[in-house]
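Structure first, commentary second.
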There are 2 protein chains.
Amino acid sequence: MNARSDIKEIKNAIRAVGLRATPARVATLRLLRQATSPMTHGEVAAELDENGVDKATAFRNLNDMADAGLLRRAELGDHLYRFEELRDGEGEHDLHPHFLCVDCGSVTCLEEVKLTVGSRKASEQVGEVSEILLRGRCNNCQ
Amino acid sequence: MNARSDIKEIKNAIRAVGLRATPARVATLRLLRQATSPMTHGEVAAELDENGVDKATAFRNLNDMADAGLLRRAELGDHLYRFEELRDGEGEHDLHPHFLCVDCGSVTCLEEVKLTVGSRKASEQVGEVSEILLRGRCNNCQ
DNA sequence: TAGCATATACAATCTAATTGCAAATGCAAA
DNA sequence: TTTGCATTTGCAATTAGATTGTATATGCTA
Ligand SMILES: [Mn+2]
Ligand SMILES: [Mn+2]
Ligand SMILES: [Zn+2]
Ligand SMILES: [Zn+2]
């Protein structure tokens with residue numbers, strides 16, 4: 001509810017995956033929880049810079065938390081990494097798709113998007129699909 | 001049929017989009033026509049390097065031919081650009097999806113993959129989808 | 001609260017991609 | 001065929017995102 005208990009919860013989440021709950025990591029996860037779409041390393045690093053956190057530290061923390069299974073590191077086809085917290089119970093599989101606007105770079109999480117049965121069969125002949133990405137132009141950019 | 005007439009045809013294709021048919025460009029398009037999947041800038045540049053073509057030239061040519069509508073510059077979510085010749089009549093829209101193996105980086109062109117009707121509706125609320133990308137692990141990498 | 005593995009700051013490094021510019025060249029017009 | 005000139009090229013420098021090395025600082029457990 002309040003900021004104090006939020007931070008408690010954030011520290012717990014970080015420790016639960018075997019990492020130390022440092023100020024930089026708490027600030028990172030708090031940022032990502034406030035965000036409505038995945039944030040780039042640059043965006044996260046810029047925010048944490050105001051707290052005196054180095055960008056190498058910011059990036060290492062994002063990668064480490066992703067490796068630990070707390071975050072998802074998404075590559076959306078614009079040569080930037082983006083990070084979002086994994087929903088409770090969302091594993092490496094059943095990751096939700098994203099939409100990236102190639103004009104403005106905005107990202108939308110798409111919970112319900114799926115392939116047709118035929119498409120799923122066709123793609124499974126090639127390999128095991130773990131991620132679906134849509135690209136195009138968002139409504140603001142039409 | 002033979003190499004001679006192939007090269008004629010390649011030169012024609014390059015000139016048809018308003019560009020000069022230089023040796024570097026002919027070699028580039030010939031490479032892409034032989035390839036079975038889109039090639040990265042690095043792959044193209046490495047081949048052309050043997051002909052004494054500079055990588056900046058290779059990249060400029062790939063970008064210029066893509067801007068001219070002769071090639072497609074695809075971003076498949078691994079921070080590399082890949083290039084493939086546009087099929088005859090394949091415009092900016094109706095581009096076929098790709099599958100990228102996150103392990104070995106291999107790419108497969110998927111002609112038939114589509115979204116379910118519901119998914120298409122859901123994604124159109126966000127914007128106009130022009131590209132679909134699947135990521136996962138190919139059969140070789142399971 | 002002491003000990004130590006983990007995490008941090010700061011600087012250096014890596015790779016893909018791009019740019020500036022003078023010299024070279026494709027090609028259309030003469 | 002030759003000429004004129006815009007386009008293209010080679011080469012070197014640069015940019016930007018991401019990563020790494022390392023000495024110091026700190027979270028956390030005992
Ligand atoms: Mn998301
Ligand atoms: Mn393709
Ligand atoms: Zn947009
Ligand atoms: Zn593979």
Side-chain angles (χ1 to χ4, degrees), chain A residues 7-8 10-29 38-68 70-71 73-83 100 102 105 107, chain B residues 7-8 10-29 38-68 70-71 73-83 100 102 105 107:
Chain A
I7 291 186
K8 272 253 155 71
I10 287 175
K11 287 188 174 182
N12 286 342
I14 294 171
R15 292 184 180 126
V17 298
L19 296 174
R20 290 185 180 174
T22 65
R25 285 182 183 149
V26 171
T28 299
L29 191 51
M39 295 179 70
T40 64
H41 160 244
E43 289 165 350
V44 173
E47 291 280 349
L48 298 198
D49 182 59
E50 297 170 12
N51 308 14
V53 177
D54 188 74
K55 76 178 156 63
T57 299
F59 211 144
R60 270 196 273 236
N61 281 338
L62 287 166
N63 283 338
D64 290 347
M65 289 192 281
D67 289 344
L70 187 56
L71 306 183
R73 171 163 125 162
E75 307 185 69
L76 306 186
D78 63 350
H79 296 201
L80 297 175
Y81 291 122
R82 283 184 175 77
F83 296 86
L100 171 76
V102 296
V107 175
Chain B
I7 291 186
K8 272 250 157 71
I10 286 175
K11 287 188 174 181
N12 286 341
I14 293 171
R15 292 185 180 125
V17 296
L19 296 174
R20 290 186 181 172
T22 66
R25 286 183 181 149
V26 171
T28 300
L29 191 50
M39 295 178 72
T40 65
H41 162 244
E43 289 166 348
V44 172
E47 291 279 348
L48 298 198
D49 182 58
E50 297 171 11
N51 307 15
V53 176
D54 188 74
K55 78 178 155 62
T57 300
F59 211 147
R60 272 194 274 233
N61 282 338
L62 288 166
N63 283 339
D64 290 347
M65 289 192 282
D67 289 344
L70 186 55
L71 306 182
R73 171 163 125 162
E75 307 185 69
L76 306 186
D78 63 350
H79 296 202
L80 298 175
Y81 292 121
R82 282 185 175 76
F83 296 86
L100 170 76
V102 297
V107 175

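Chain letters run A, B, ... following the sequence lines, proteins first, then strands; residues in each count from 1. What you see below is based on every heavy atom in this structure, not just the backbone, and it leaves out hydrogens, waters and symmetry mates.
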Would you say the side-chain atoms of A:Arg73 pair up with the backbone N or O of A:Asn63, donor to acceptor, closer than 3.5 Å?
->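 It does not hold such a pair.
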How many Å lie between [atom1] on [X] and [atom2] on [N], as a whole number?
X       : N      : atom1 : atom2 : value
B:Arg20 : D:dC5  : CZ    : C1'   : 8 Å
A:Leu62 : D:dA18 : CG    : C1'   : 12 Å
A:Asp54 : D:dG21 : CG    : P     : 16 Å
A:Phe59 : C:dC14 : CZ    : C1'   : 13 Å
B:Asn61 : D:dG10 : CG    : C1'   : 12 Å
A:Asp78 : D:dG17 : CG    : C1'   : 11 Å
B:Arg15 : D:dT8  : CZ    : P     : 12 Å
A:Glu75 : D:dA18 : CD    : P     : 9 Å

Identify the two heavy atoms, one from A:Leu19 and one from A:Met65, that lie closest to each other, and give their separation to 0.1 Å.
->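 Heavy atoms only, the tightest pair is CD1-CG, 3.8 Å.
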Supply the atom-to-atom distance A:Leu62 CG to A:Asp67 CG, rounded to the nearest 0.5 angstrom.
->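 Separation between the atoms: 11.0 Å.
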Roughly how far apart are B:Thr28 OG1 and B:Asn51 CG, rounded to 0.5 Å?
->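 If we round to the nearest 0.5 Å, B:Thr28:OG1 and B:Asn51:CG are 9.0 Å apart.
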side-chain N/O A:His41 vs D:dA18 OP1/OP2, d < 4.0 Å |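 Yes, A:His41 has a side-chain N/O under 4.0 Å of OP1/OP2 on D:dA18.
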Are OP1 or OP2 of C:dT8 and a side-chain N or O of A:Thr22 less than 4.0 angstrom apart?
->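 So the side-chain polar atoms of A:Thr22 do come within 4.0 Å of the phosphate oxygens OP1 or OP2 of C:dT8, strictly under.
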Taking for each residue the nucleotide of DNA chain C bearing the nearest heavy atom, is the 5' side occupied by B:Asn63 or by B:Lys11?
->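 The residue closer to the strand's 5' end, by nearest nucleotide, is B:Asn63.
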Considering heavy-atom distances to DNA chain C, does B:Pro23 or B:Ala56 have its closest nucleotide positioned more toward the 5' end?
->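 It is B:Ala56 whose nearest nucleotide is closer to the 5' end.
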Reckon B:Gly52 touches a base, only the sugar-phosphate, or nothing at all at heavy-atom distances under 4.0 Å?
->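 Touches sugar-phosphate only.
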Give one of base, sugar-phosphate or nothing for B:Ala21, where a contact means two heavy atoms less than 4.0 Å apart.
->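 Sugar-phosphate only.
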Just compare C:dT8, D:dT9, D:dT19 and give me whichever is closest to any side-chain atom of A:Ala24.
->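 Among C:dT8, D:dT9, D:dT19, the one nearest the side chain of A:Ala24 is C:dT8.
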Residue A:Arg60, side-chain heavy atoms: nucleotide from D:dT20, D:dC11, D:dC28 that is nearest |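 Shortest atom-to-atom distance from the side chain points to D:dT20.
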Output field: ring centroids B:Phe59/B:His41 closer than 6.0 Å =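 Between B:His41 and B:Phe59, which both carry aromatic rings, the centre distance is below 6.0 Å.
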